[in-house]
Enquirer: 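One structure coming up, written as structure tokens, with questions to follow.
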Amino acid sequence: MTLRLFDTYEREVRPFVPLDNREVGIYACGPTVYNFVHIGNLRTYLFEDLLKRVLFANGYKVNHVINITDVGHLTSDADTGEDKMEVGARRTGMSAWELADFYTAAFQVDFTKLNILPPDIWCRATDHIEEQIAFIKDLEDKGYTYQTSDGIYFDSQKLDDYGHLARLDIEGLKAGARVDQGERRSVTDFALWKFSPQEEKRQMEWDSPWGRGFPGWHIECSAMSVKYLGDYFDIHCGGEDHIPIHHTNEIAQTEASRGTRLANFWLHGYFLQMENAKMAKASGEFVTLERLIEKGYTPLVYRYFCLTAHYRSQMSFSWENLNAARTALGRLYSAAWSWGEPGEASKIYLQRFTDCLNDDLNMPRALAILWELVKSDEPDPVKKATLLVWDEILALDIQAWRPDSLEIPEQVNELVRQREAARENQDWQGADKLREQIARLGFTLEDGRDGTRLKRSENV
RNA sequence: GGACGGAUAGCCAAGCGGUUAGGCAGUGGUCUGCAACACCAUAUAGGCGGGUUCGACUCCCGCUCCGUCCUCCA
């Protein structure tokens, strides 16, 4: 089966054919670096990593670009409110520039921990101000812009099919509008360039043909994707929230300027739902990867957790569900370890797994096949070899896993020796008491045929 | 309120117009001094009300609830 992907623009699963058959261009919307990213953000990058690895498995080369939004993203997407970077600078005491560096680095650390392959190009909005100004100038020359007292705006009514990606009902939007649209001519118009406010000095601002200010949020993606991937490239990714505004506006800009709809495929990762709270960063309460690690989960447990749901379904996060993933992954690791050296992979299993992934990245179904293999009668070397091939996509570091080889405190070792003595004397009560003491020190005992094993409690 | 999506067993989560998804938990068993680990086996489904059909969890309509955007999101 050849690769098929769901395209939000056409709203259907269709065969993926690269525009240039040597290399697939992917642009993935990156974070606004005013705070740490949360595990919901990371779910989207895990989905994009899966996409990339499946493209590799299909023999394609990939040119992957991720942007870093370090200016211009306002606290309201309706082009009002403050720049998130300026707000973040005030909160932390760092300059907007330091803030961007700090959270960009933190974001890239999360990538490494989750085995997410880095993009070929990281690009920052503030490094591409000239390109953005040139793009806006081009839109102005072609008659798609107008000026208000606070900026240069895109005139969405000039396009016949504005909003097609999100199937927007413009009249409905107008009727249901809940916000003051200011001087904008239409609710769907958006800022290309915002003027610096007269009463305050911004940390991030630049001169432009229209006056001192900063670029709007959407223009960076159009300007940078053109620069690194060309006017029309293969795949544009992002979170589901980008469908109605951000991606809709990127398409409008590029369509107006270049006459293309920017990307051949639009893929969107769906949200992670929290048990009883919103995941939004602005709420201040959000779960980071670091928080998971503090609670004793290895990052790859979260990666496995995300693989159990299809990228186009919203997924419910809870600690109970994360525990389920930890248990399952632990069993997989330990089974794979017990199989020893790899032999030859099973062609049939490999094919079935690939078929699932080529069917719009259906990883949940692929995992069902994985568990079928684990429980099958295939010889251990076949199981091991097959699983290791799959791990190029799963990226769970299956080969590297070892049963706990722990540094055991002398205190614990002494208790274990005492318990062994008690067991030899059939002093079961004494042995059980010692087991409890050891448990309080964070270790679990497993009496096997060839002796007693120690495990750190709750550890994968 | 408007637009666009969704609702599957205790929890998470797939496919499918008729034939076992899978994982976790639970239960029974093997193992164990007892446990734990591991392994084997296994019950419970498809929001509500209509319709189409020989047959609907799957298609259509209405309602309810949830999510996304319009108000902070990936």
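Convention: sequence-line order gives letters A, B, ...; per-chain numbering from 1.
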Enquirer: Between B:rA7 and B:rG15, how far is it from one P atom to the other, in whole Å?
Expert: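 Going atom to atom, P in each nucleotide, I get 10 Å.
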
Enquirer: Do the ring planes of A:Tyr27 and A:Phe233 sit parallel (below 30°), tilted (30 to 60°) or perpendicular (above 60°)?
Expert: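 Tilted, since the angle between the ring planes falls between 30° and 60°.
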
Enquirer: Is there a donor N/O on one and an acceptor N/O on the other, under 3.5 Å, for the side chain of A:Asp432 and the base of B:rG33?
Expert: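 Check passes, donor-acceptor contact within cut-off.
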
Enquirer: Can you tell me the base-pairing partner of B:rG17? Count Watson-Crick or G-U wobble geometry only, both distances below 3.5 Å, and say none if there is no partner.
Expert: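 Pair assignment: B:rG17 / none.
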
Enquirer: Using ring pair (Phe, Tyr, Trp, His ring centres under 6.0 Å) as the criterion, point out the one residue from A:His236, A:His247, A:His164 that pairs with A:Tyr9.
Expert: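 So the option named by the test is A:His164.
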
Enquirer: Return the orientation label for the A:Trp401 and A:Tyr333 ring planes: parallel under 30°, perpendicular over 60°, tilted otherwise.
Expert: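 Rings of A:Trp401 and A:Tyr333: parallel, under 30°.
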
Enquirer: Between A:Leu445 and A:Ala335, who's closer to the 5' end of RNA chain B by nearest nucleotide?
Expert: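 Its nearest nucleotide being more 5', the pick is A:Leu445.
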
Enquirer: Taking the P atom of each, how far is B:rG51 from B:rA13, in whole Å?
Expert: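 Taking atom P in both B:rG51 and B:rA13, they lie 32 Å apart.
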
Enquirer: Which base sits across from B:rU44 as a Watson-Crick or G-U pair, both distances under 3.5 Å?
Expert: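 The answer is none; no pair meets the criterion.
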
Enquirer: Take the protein atom CZ of A:Arg326 and the nucleotide atom P of B:rA25, then report the distance between them rounded to whole Å.
Expert: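 The answer, rounded to whole Å, is 12 Å.
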
Enquirer: Does B:rU52 have a Watson-Crick or wobble mate here (both distances under 3.5 Å), and if so which one?
Expert: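 Result: none.
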
Enquirer: Between B:rG47 and B:rA41, how many Å separate the two P atoms, rounded to a whole number?
Expert: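 30 Å, rounded to whole Å.
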
Enquirer: Examine B:rA13: is either OP1 or OP2 under 4.0 Å from a nitrogen or oxygen in the side chain of A:Arg365? Give yes or no.
Expert: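 No, because none of the side-chain N or O atoms of A:Arg365 sits under 4.0 Å from OP1 or OP2 of B:rA13.
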
Enquirer: Okay, side chain of A:Asn249, backbone of A:Ile245: is any donor-acceptor separation there less than 3.5 Å?
Expert: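 At least one qualifying donor-acceptor pair exists.
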
Enquirer: For B:rG22, take OP1 and OP2 only and decide whether either is under 4.0 Å from a side-chain N or O of A:Thr308.
Expert: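 For B:rG22, neither OP1 nor OP2 has a side-chain N or O of A:Thr308 closer than 4.0 Å.
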
Enquirer: Charged N to carboxylate O below 4.0 Å: is that the case for A:Glu420 and A:Arg423?
Expert: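 A salt bridge links A:Glu420 with A:Arg423.
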
Enquirer: Distance between the C1' atoms of B:rG55 and B:rG17, in whole angstroms?
Expert: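 8 Å, rounded to whole Å.
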
Enquirer: It should be established whether A:Arg331 places a side-chain nitrogen or oxygen under 4.0 Å from OP1 or OP2 of nucleotide B:rA25.
Expert: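 Looking at the OP1 and OP2 atoms of B:rA25, one of them is under 4.0 Å from a side-chain N or O of A:Arg331.
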
Enquirer: Under a 3.5 Å cut-off for both contacts, is B:rC31 paired Watson-Crick or G-U wobble with anything, and if yes, with which nucleotide?
Expert: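 The base-pairing partner of B:rC31, which may sit in any strand shown, does not exist here.
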
Enquirer: With a centroid cutoff of 5.5 Å and a plane-angle limit of 30°, would you call A:Phe271 stacked on B:rG67?
Expert: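 A:Phe271 vs B:rG67: stacking no.
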
Enquirer: For B:rC61 and B:rU53, measure between their C1' atoms and round to the nearest Å.
Expert: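 That atom pair is separated by 16 Å.
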
Enquirer: State whether A:Lys194 and A:Asp83 are salt-bridged, where the test is any N-O pair (Lys NZ or Arg NE/NH1/NH2 against Asp/Glu carboxylate O) under 4.0 Å.
Expert: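 Answer for the salt bridge query: no.
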
Enquirer: Within the pair A:Lys375 and B:rA38, is there a side-chain N or O less than 4.0 Å away from OP1 or OP2?
Expert: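 No, because none of the side-chain N or O atoms of A:Lys375 sits under 4.0 Å from OP1 or OP2 of B:rA38.
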
Enquirer: Give a yes/no on whether any side-chain N or O of A:Asn321 is located under 4.0 angstrom from OP1 or OP2 of B:rC12.
Expert: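 Answer no for this pair, as no side-chain N or O of A:Asn321 is under 4.0 Å from OP1 or OP2.
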
Enquirer: Does B:rG22 have a Watson-Crick or wobble mate here (both distances under 3.5 Å), and if so which one?
Expert: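 Paired with B:rC12.
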
Enquirer: Return the stacking result for B:rG22 and A:Trp371: yes when the ring centres lie under 5.5 Å apart and the planes under 30°, no otherwise.
Expert: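 Ring-base stacking flag not set for A:Trp371 and B:rG22.
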
Enquirer: With C1' as the reference atom in both, quote the distance from B:rU44 to B:rU8 in angstrom, rounded to an integer.
Expert: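 So the two C1' atoms sit 13 Å from each other.
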
Enquirer: Starting the side chain at C-beta, find the nucleotide from B:rG5, B:rU68, B:rA14 nearest to A:Asn362.
Expert: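 Closest nucleotide among those given: B:rA14.
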
Enquirer: Please give the distance between the P atoms of B:rA25 and B:rC11 as a whole number of Å.
Expert: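 Their P atoms lie roughly 16 Å apart.
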
Enquirer: When both hydrogen-bonding distances must be under 3.5 Å and the geometry is Watson-Crick or G-U wobble, what is B:rC57 paired with, if anything?
Expert: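 When the pairing criteria are applied, nothing turns out to pair with B:rC57, so the answer is none.
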
Enquirer: Side chain of A:Trp428: nearest nucleotide among B:rC4, B:rG23, B:rG33?
Expert: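 Between B:rC4, B:rG23, B:rG33, the one nearest the side chain of A:Trp428 would be B:rG33.
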
Enquirer: How far apart are the closest heavy atoms of A:Ser225 and A:Leu262, and which atoms are they?
Expert: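 Looks like OG-CD2, 3.8 Å.
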
Enquirer: Quick check on RNA chain B: between A:Ala325 and A:Arg423, whose nearest nucleotide comes earlier from the 5' end?
Expert: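 So the residue in question is A:Ala325.
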
Enquirer: For B:rA3, give its Watson-Crick or G-U wobble partner with both distances under 3.5 Å, or none.
Expert: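 Base partner found: B:rU68.
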
Enquirer: Can you check the distance between B:rG10 and B:rA43, where both ends of the measurement are the P atom (answer in whole Å)?
Expert: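 It works out to 14 Å between them.
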
Enquirer: Considering only B:rA36, B:rA74, B:rC11, which nucleotide approaches the side chain of A:Glu446 most closely?
Expert: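 The listed nucleotide nearest to A:Glu446's side chain is B:rA36.
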
